[in-house]
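Numbering of residues begins at 1 and proceeds along the displayed sequence. When a ligand or atom number is given, it counts from 1 through the structure's own listing order. Side-chain atoms are counted along with the backbone in the values below, which use heavy atoms only and exclude waters and symmetry mates.
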Amino acid sequence: MASASETIQMADTAIANTYKRFPVVLTRGQGCSLEDETGKTYLDFVAGIAVCNLGHAHPAVARAVAAQAQTLVHVSNLYYTTPQVEVARRLVQNSFADRVFFCNSGAEANEAAIKLARKYCKDNGEPDRHRIVTMENSFHGRTMATLSATGQAKIRKGFDPILPGFEFVPFDDIEALAAKVDENTCAVLLEPVQGEGGVCCPQETFLKQVRQLCDDTGALLVLDEIQTGMGRTGKLFAYEHFGIEPDIMTLAKALANGLPMGAMLATEKIAASFGPGAHASTFGGTPLVSAAAIEVLRILTEENVLDNCRQTGAYFQKRLRQLQERHDVVREVRGMGLLLGMQLWVDGESIVQACMRQGFLINCIQEKVLRFVPPLTITTEQIDGLIECLDGLLAAADAKGK
Ligand SMILES: *Cc1c(COP(=O)(O)O)cnc(C)c1O
């Protein structure tokens, strides 16, 4: 087997350089812990970026995937397979939606949502209704359509011409949105809580106002729950916190706890615009990834993971706020459930690296926001470990600023 440095050297010549990677080679995981090639262990507050919500190597998920791999991995969506139907049944049963389209990633789920929204308007005799309003600071993916929908110039840079028809307004600003949405607006697309944009939560009433605006104008409400869905905010889907239902919702990340799976959910009326041939995906909803998703949905709806997320999330947020009181370098603490962010006045990268040396994986977004998205099974003791580590590092950062 190659040593860690050989692996890293090889990666740096053979793998496209699209990620700035940490110089560590991870080899195994169990629950909230990860191990690297040297045997050093880490507590994982990244969870593959809000993907492994049930932790690593979850026994029930691992068993289901292993059994399915020995039975049937893939056949094409030309045929029915029972695991896919079961995932759809569970998603429909536990959400606003009537129908599910399966794909393999978040970007693909959003692509499907954008296509469906536009086609629905065309099918309903409104060919000019194609404009889609999204939020500044949003993140919807890296394909041409989804980066065009993403309200961050740095993500669109270099890829002109982007897809026409997208407009951006500030997040959580109902007046700005109302000024942009009219009878030619096909859809409003947004994340209930902005993830990559810096863990930004809307005011409590915002999503209700967006829903009302969409109802008044006939625009569709599309929620990107790729990061917030599957229990991350303490409910199965974040929209449940806000007393509204969308017309279309996208999922991916945690849907199959690390196996690549995306989904686009819609009401019957809207989903009717996706007939045979309108859209497709070779790998969408294979028996293999579906076997994982069935277990994920079963565990999230039957076991106490969501309770744990709400309780440990509230505890975690309280402890982060205590750090904010103690340290000048902390600007703000935000989030819901176990989607938490701590905005600093300084760059966070050196804190991420120092945490890693001390055995804690966290990540930093938008330069100054430390993001915490551990498995939803994290314990208060594990949170205490990270808080203690951060306390020391923030004290050092305070001192440096003086
Ligand atoms: C991660 C993410 C995406 C993109 O998902 P990919 O699987 O990387 O394509 C889209 N929207 C949101 C809100 C995300 O967090």
Side-chain angles (χ1 to χ4, degrees), residues 16 18-19 46-53 101-117 132 134-152 154-156 159 163 166 168 171-172 187-202 207 210 221-233 236-239 241-242 246 248-265 281 283-286 289 292-293 296 334-341 363-366 369 371-374 376:
T18 55
Y19 276 87
V46 178
I49 313 190
V51 165
C52 302
N53 282 9
F101 172 82
F102 289 108
C103 51
N104 314 287
S105 68
E108 278 178 81
N110 283 334
E111 286 272 347
I114 292 164
K115 285 180 72 175
L116 178 62
I132 296 175
T134 82
M135 306 294 129
E136 286 170 14
N137 241 16
S138 57
F139 183 77
H140 299 298
R142 301 287 195 152
T143 61
M144 281 309 299
T146 58
L147 71 80
S148 302
T150 291
Q152 299 187 54
K154 66 174 190 222
I155 284 171
R156 298 196 301 269
F159 300 109
L163 203 71
F166 291 94
F168 308 102
F171 183 61
D172 199 22
V188 175
L189 163 63
L190 77 165
E191 303 151 86
V193 176
Q194 292 190 324
E196 304 304 308
V199 190
C200 306
C201 301
L207 283 165
V210 176
L221 174 55
V222 183
L223 286 184
D224 178 343
E225 291 237 22
I226 289 162
Q227 189 155 159
T228 55
M230 306 313 292
R232 176 55 56 190
T233 68
L236 191 56
F237 306 114
Y239 73 77
H241 290 287
F242 299 100
I248 299 176
M249 173 172 76
T250 52
L251 300 173
K253 288 202 162 82
L255 180 53
N257 206 51
L259 274 75
M261 188 179 209
M264 190 264 312
L265 290 74
S281 167
F283 288 127
T286 63
V289 300
V296 169
R334 321 184 268 264
M336 282 181 88
L338 284 167
L339 174 54
L340 297 170
N363 95 319
C364 179
I365 46 182
Q366 308 292 335
V369 182
R371 176 173 51 179
F372 311 101
V373 283
L376 309 183

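- Not a single donor-acceptor pair under 3.5 Å links the side chain of T250 to the backbone N or O of N110.
- In this structure, atom 3 (C) of ligand 1 lies nearest to the protein heavy atom F139 CE2, 3.6 Å.
- Under a 4.0 Å criterion applied to the non-hydrogen atoms of A107, ligand 1 contributes the atoms 4 (C), 5 (O), 6 (P), 9 (O).
- Taking CZ from F171 and CG from L190, the interatomic distance works out to 6.0 Å, rounded to the nearest 0.5 Å.
- Remark: E196 engages R371 in a salt bridge, criterion side-chain N to carboxylate O under 4.0 Å.
- The closest protein non-hydrogen atom to atom 11 (N) of ligand 1 is D224 OD2, 2.8 Å.
- A donor-acceptor contact shorter than 3.5 Å is absent between the side chain of N363 and the backbone of V46.
- Note that the CD1 atom of I114 and the CD1 atom of I248 stand 10.0 Å from one another [nearest 0.5 Å].
- Distances below 4.0 Å separate heavy atoms of E191 from the following atoms of ligand 1: 13 (C).
- When each of R156, H140, Q152 is paired with L147, the side-chain contact (heavy atoms from CB on, under 4.5 Å) condition holds for R156 and for no other.
- When only non-hydrogen protein atoms are considered, atom 5 (O) of ligand 1 lies nearest to G106 CA, 3.3 Å.
- Between R142, H140, Q194, it is H140 that holds the heavy atom closest to atom 10 (C) of ligand 1.
- The heavy atom nearest to atom 14 (C) of ligand 1, out of those in E108, K253, R232, E111, is found in K253.
- At a distance under 4.0 Å, no protein heavy atom can be found next to atom 8 (O) of ligand 1.
- Against a heavy-atom cut-off of under 4.0 Å, S105 is close to the following atoms of ligand 1: 7 (O), 9 (O).
- If you check the side chains of H241 and T233, you find a donor sitting under 3.5 Å from an acceptor.
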